[in-house]
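Structure first, then comments.
Here is the naming used below: chain letters follow the sequence lines, and residue numbers restart at 1 for every chain. Side chains included, hydrogens not; waters and symmetry mates left out as well; all remaining heavy atoms used.
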Amino acid sequence: MATKLQPVRGTHDLIGEGFRRHHRVIETARRVSALWGFEEWATPIFEDTRVFSRGLGETSDVVSKEMYSFQDRGGEGITLRPEMTAGICRALVSNGLAQSVPLKVFAAGPVFRYERPQAGRQRQFHQIDLEILGSAEPLADAEVIACGWHIQRELGISEGVTLEVNTLGDTPSREGYRSALIAYFTAHRDALSEDSQRRLEKNPLRIIDSKDAKDRALVADAPTIEAFLTDEARAHWDALRRHLDAFGVPFGENPRIVRGLDYYSHTAFEFVTDRLGAQGTVMGGGRYNGLVEEMGGPATPSVGWGAGVERLAMLLEAGGLTPLAPRLVHVIPVSAAEEEEALRVAGALREAGIATEMGHKGNLKRRMERANKAGARAAVILGESEVARGIAQLRDLDAGTQEEVALDGLAARLAR
RNA sequence: GCGGUCGUAGCUCAGGUGGUAGAGCGCCAGGUUGUGGUCUUGGAUGUCGCGGGUUCGAGUCCCGUCGAUCGCCCCA
């Protein structure tokens with residue numbers, strides 16, 4: 001035997017219960033988002049590298065050190081998508097849809113980041129994603145958040161999850177705030193953690209979000225964005241909170257939410273939980289008003305979120321909400337002589353919409369064992385005398401009871 | 001990219017101070033000639049993650065490596 005090949009670091013197979021949880025998350029999101037008028041798109045899982053380098057910001061961690069980038073055989077610079085939003089904006093422009101806005105888009109699929117794996121963090125993982133493209137109204141922000149909240153409710157996991165919202169302001173607000181933060185932290189540079197001294201150069205906003213105890217003491221007295229908001233930014237922020245109330249979505253304000261991707265402005269939010277270890281964000285996003293322009297389209301103010309399917313699935317598991325496997329009916333010929341008739345019976349049941357299995361070999365005992373192990377709900381047993389009389393033994397595998405049923409009445413009997 | 005812990009049958013795990021591997025579950029076969037789940041009898045299974053080193057001898061000690069896991073960073 002050849003040596004066993006291992007799965008690539010940070011990748012996982014989805015099988016059995018794991019697949020069912022994963023599928024439940026995506027199906028629920030698909031159904032609820034459709035209810036809210038979102039239309040599903042599927043864009044490529046790899047794009048021209050520039051889609052992400054331009055879109056997410058060259059200095060962001062995702063772009064600078066986490067992308068799976070390579071040259072294809074034609075020499076093109078290609079990147080496996082590390083998130084969904086940039087590709088969706090590119091698709092909007094490529095398909096000439098920028099003039100058909102607003103558009104409400106749902107998407108789901110794999111994304112890739114070269115990171116150190118950890119609980120709730122993989123190199124290939126899956127996201128569900130919701131975007132409203134081409135609406136500057138705070139109502140759009142609230143709608144996207146509210147729909148996300150309803151997806152979580154529908155999944156049954158909203159108990160342990162809380163919504164935190166913040167405003168990053170518009171560009172003038174943020175510029176002013178940024179300068180004030182740099183001034184403040186530079187004055188206390190030596191008291192900052194090593195990480196935060198580095199952040200001071202790269203992304204001072206992130207210091208606000210530091211977990212370091214020393215940093216937090218400083219952050220407590222740091223300026224807040226409140227004082228730097230323009231009238232417009234303040235109006236957006238006020239309206240968002242009013243609309244969330246109107247949608248009936250509970251939320252808290254958290255000025256420490258800054259988000260890692262450069263394209264956000266105004267609204268930033270996260271649904272967080274303490275049930276997943278260090279990776280507490282289960283759904284996160286915000287408003288991005290410049291991204292479509294980066295893709296070569298017209299100014300298209302937009303808002304959206306991405307959510308980790310694996311993380312949501314972990315919450316399903318923790319909540320004992322793993323979907324049950326479907327229970328089939330097993331058709332069992334007693335001997336080879338009844339095999340063809342059994343095949344016909346199985347076919348008729350499937351035709352009637354009843355999930356049916358029929359094994360490829362084995363005697364009655366063996367097939368009964370198989371049916372039991374597979375969690376079948378019933379066994380339809382066909383022997384010589386049954387076939388001769390046009391009936392089957394229908395055995396209820398839970399109750400252990402057995403009755404004779406005419407073959408032409410089987411489907412109706414099993415449907416109820 | 002940094003630090004901690006871990007890696008033995010399909011699964012969960014046991015294997016004092018080094019002497020070439022065990023349990024439970026599962027799997028296979030029988031007790032039942034046309035009936036599963038309970039019971040019972042018997043059976044198979046491992047390059048002890050991988051590579052190297054120390055040793056007469058390593059699952060057990062040392063080094064490296066791969067992977068998992070927890071935290072940092074970052075994020076979904």
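- Heavy atoms of A:E310 sit nowhere under 4.0 angstrom from any nucleic acid atom.
- Among the atoms of the strands shown, only primed sugar atoms or phosphate atoms (P, OP1, OP2) are found under 4.0 Å from some heavy atom of A:R9.
- When distances are taken from the side chain of A:P117 to each of B:rA68, B:rA76, B:rC28, the shortest belongs to B:rA68.
- Mapping A:G306 and A:L397 onto RNA chain B by nearest heavy atom places A:L397 at the nucleotide closer to the 5' end.
- Looking at A:N372, its side chain comes within 3.5 Å of the base of B:rG36 through a donor and an acceptor atom.
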Between A:E47 and A:R90, is the salt bridge (charged side-chain N to carboxylate O under 4.0 Å, His left out) condition met? List the steps. CA-CA 9 Å; A:E47 296 272 358; A:R90 193 233 83 226; 2.6 Å; yes

Would A:E17 and A:R21 count as a salt bridge (charged side-chain N to carboxylate O under 4.0 Å, His left out) here? Give the steps. CA-CA 6 Å; A:E17 292 192 348; A:R21 283 189 289 267; 3.6 Å; yes

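- Nucleotide B:rC28 has B:rG42 as its partner under the Watson-Crick or G-U criteria, with both atom distances under 3.5 Å.
- Taking atom P on both nucleotides, B:rG49 is separated from B:rA14 by 14 Å, rounded to a whole Å.
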Restricting both atoms to N or O, compile the protein contacts to nucleotides 33-35 of chain B shorter than 3.5 Å, with distance only.
| from | atom 1 | to | atom 2 | distance (Å) |
| --- | --- | --- | --- | --- |
| B:rG34 | O6 | A:S385 | OG | 3.1 |
| B:rG34 | N1 | A:E386 | OE1 | 2.9 |
| B:rG34 | N1 | A:E386 | OE2 | 3.2 |
| B:rG34 | N2 | A:E386 | OE2 | 3.0 |
| B:rU35 | O2 | A:Q402 | OE1 | 3.2 |
| B:rU35 | N3 | A:Q402 | OE1 | 3.1 |
| B:rU35 | N3 | A:Q402 | NE2 | 3.0 |
| B:rU35 | O4 | A:Q402 | NE2 | 2.8 |

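- When the C1' atom is compared between B:rU12 and B:rG16, the two are found 23 Å apart, to the nearest whole Å.
- Taking both residues in full, the closest heavy atoms of A:V165 and A:I257 are given as N-CD1, 4.3 Å, listed atom of the first, atom of the second, then distance.
- No contact: A:R367 has no heavy atom under 4.0 Å from any strand.
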Set out, in order, the CA-CA distance, both residues' side-chain angles and the distance that settles side chain to side chain donor-acceptor pair (under 3.5 Å) for A:T85 and A:E131, then state yes or no. CA-CA 8 Å; A:T85 307; A:E131 314 284 352; 2.8 Å; yes

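- Using N1 to N3 plus N6-O4 or O6-N4 for Watson-Crick, or N1-O2 and O6-N3 for G-U wobble, each under 3.5 Å, B:rU54 pairs with nothing.
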Verdict with supporting geometry, A:Q127 and A:E83, side chain to side chain donor-acceptor pair (under 3.5 Å): CA-CA 8 Å; A:Q127 289 192 339; A:E83 56 103 56; over 6 Å; no

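- The stretch residues 120-130 of chain A touches RNA chain B through A:G120, A:R121, A:Q122, A:F125, A:Q127, each having a heavy atom under 4.0 angstrom from the strand.
- B:rG71: Watson-Crick or G-U partner is B:rC2, with both key distances under 3.5 Å.
- Partners of A:A107 by side-chain contact (heavy atoms from CB on, under 4.5 Å), not counting sequence neighbours, listed by chain and number: A:M84, A:I88, A:D129.
- Within 4.0 Å (heavy atoms only), A:E115 reaches at least one base atom of the nucleic acid.
- For the contact set between residues 13-43 of chain A and RNA chain B, defined by any heavy atom under 4.0 Å, there are no members.
- Nucleic acid contact for A:K65: none, since no nucleic acid atom lies under 4.0 Å from a heavy atom of the residue.
- The interatomic distance linking A:E194 (CD) with B:rC74 (C1') rounds to 17 Å, in whole Å.
- The distance from atom CD of A:Q118 to atom C1' of B:rG1 is 13 Å, rounded to the nearest whole Å.
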Audit row: A:D141, A:R241, salt bridge (charged side-chain N to carboxylate O under 4.0 Å, His left out) steps and yes/no: CA-CA 10 Å; A:D141 307 40; A:R241 289 174 291 178; over 6 Å; no

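- Annotation: B:rG24 and B:rC61 have their P atoms spaced 27 Å apart (nearest Å).
- One finds no salt bridge joining A:E164 and A:R256 here, because no Lys/Arg side-chain nitrogen approaches an Asp/Glu carboxylate oxygen to under 4.0 Å.
- Shown here, B:rA23 forms a base pair with B:rU12; the pair counts as Watson-Crick or G-U wobble because both key distances fall under 3.5 Å.
- The P atoms of B:rG22 and B:rG46 are separated by 13 Å, rounded to the nearest whole Å.
- Across all strands shown, B:rU33 forms no Watson-Crick or G-U wobble pair with both key distances under 3.5 Å.
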Check the interface with nucleotides 42-44 of chain B: list each N/O to N/O pair with the protein under 3.5 Å, or write none.
none

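- For A:T11, the side-chain contact (heavy atoms from CB on, under 4.5 Å) partners two or more places apart in sequence, or in a different chain, are A:P7, A:V8, A:Q124.
- Atom CZ of A:R344 sits about 4.5 Å away from atom CD of A:E341, to the nearest 0.5 Å.
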Chi angles and distances behind the ring pair (Phe, Tyr, Trp, His ring centres under 6.0 Å) call for A:H243, A:F247: CA-CA 6 Å; A:H243 293 322; A:F247 273 113; 7.5 Å; no

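- Residue A:D398 is in base contact, counting any heavy-atom pair closer than 4.0 Å across all strands shown.
- To the nearest whole angstrom, the two P atoms, one in B:rU5 and one in B:rG64, are 13 Å apart.
- By the neighbour-count criterion of 12 heavy atoms within 6.0 Å, atom OH of A:Y184 is densely surrounded, having more than that number from other residues, nucleotides or ligands.
- More than 12 heavy atoms of other shown residues, nucleotides or ligands fall within 6.0 angstrom of atom CD in A:E404.
- Remark on RNA chain B: of its neighbouring residues A:H12 and A:D209, the 5'-side contact belongs to A:H12, judged by nearest-heavy-atom nucleotide.
- Spacing of C1' atoms, B:rC50 relative to B:rG67, comes out at 10 Å, to the nearest Å.
- Distance check on atom P: B:rG51 versus B:rC56 gives 23 Å, rounded to whole Å.
- Applying side-chain contact (heavy atoms from CB on, under 4.5 Å) to A:S302 and the options A:V105, A:L133, A:L103 leaves one that passes, A:L133.
- B:rU45 and B:rA9 have their C1' atoms separated by 6 Å, with the value rounded to a whole Å.
- Note on A:G10: only backbone sugar-phosphate atoms sit closer than 4.0 angstrom, heavy atoms only; bases stay farther off.
- Taking the six-membered ring for Trp and thresholds of 30 and 60 degrees, A:Y177 and A:F228 have ring planes inclined between 30 and 60 degrees apart.
- Within 4.0 Å of A:A119, counting heavy atoms only, lie sugar-phosphate atoms of the nucleic acid but no base atom.
- Salt bridge annotation for A:E27-A:R31: absent, with no cationic side-chain nitrogen under 4.0 angstrom from a carboxylate oxygen.
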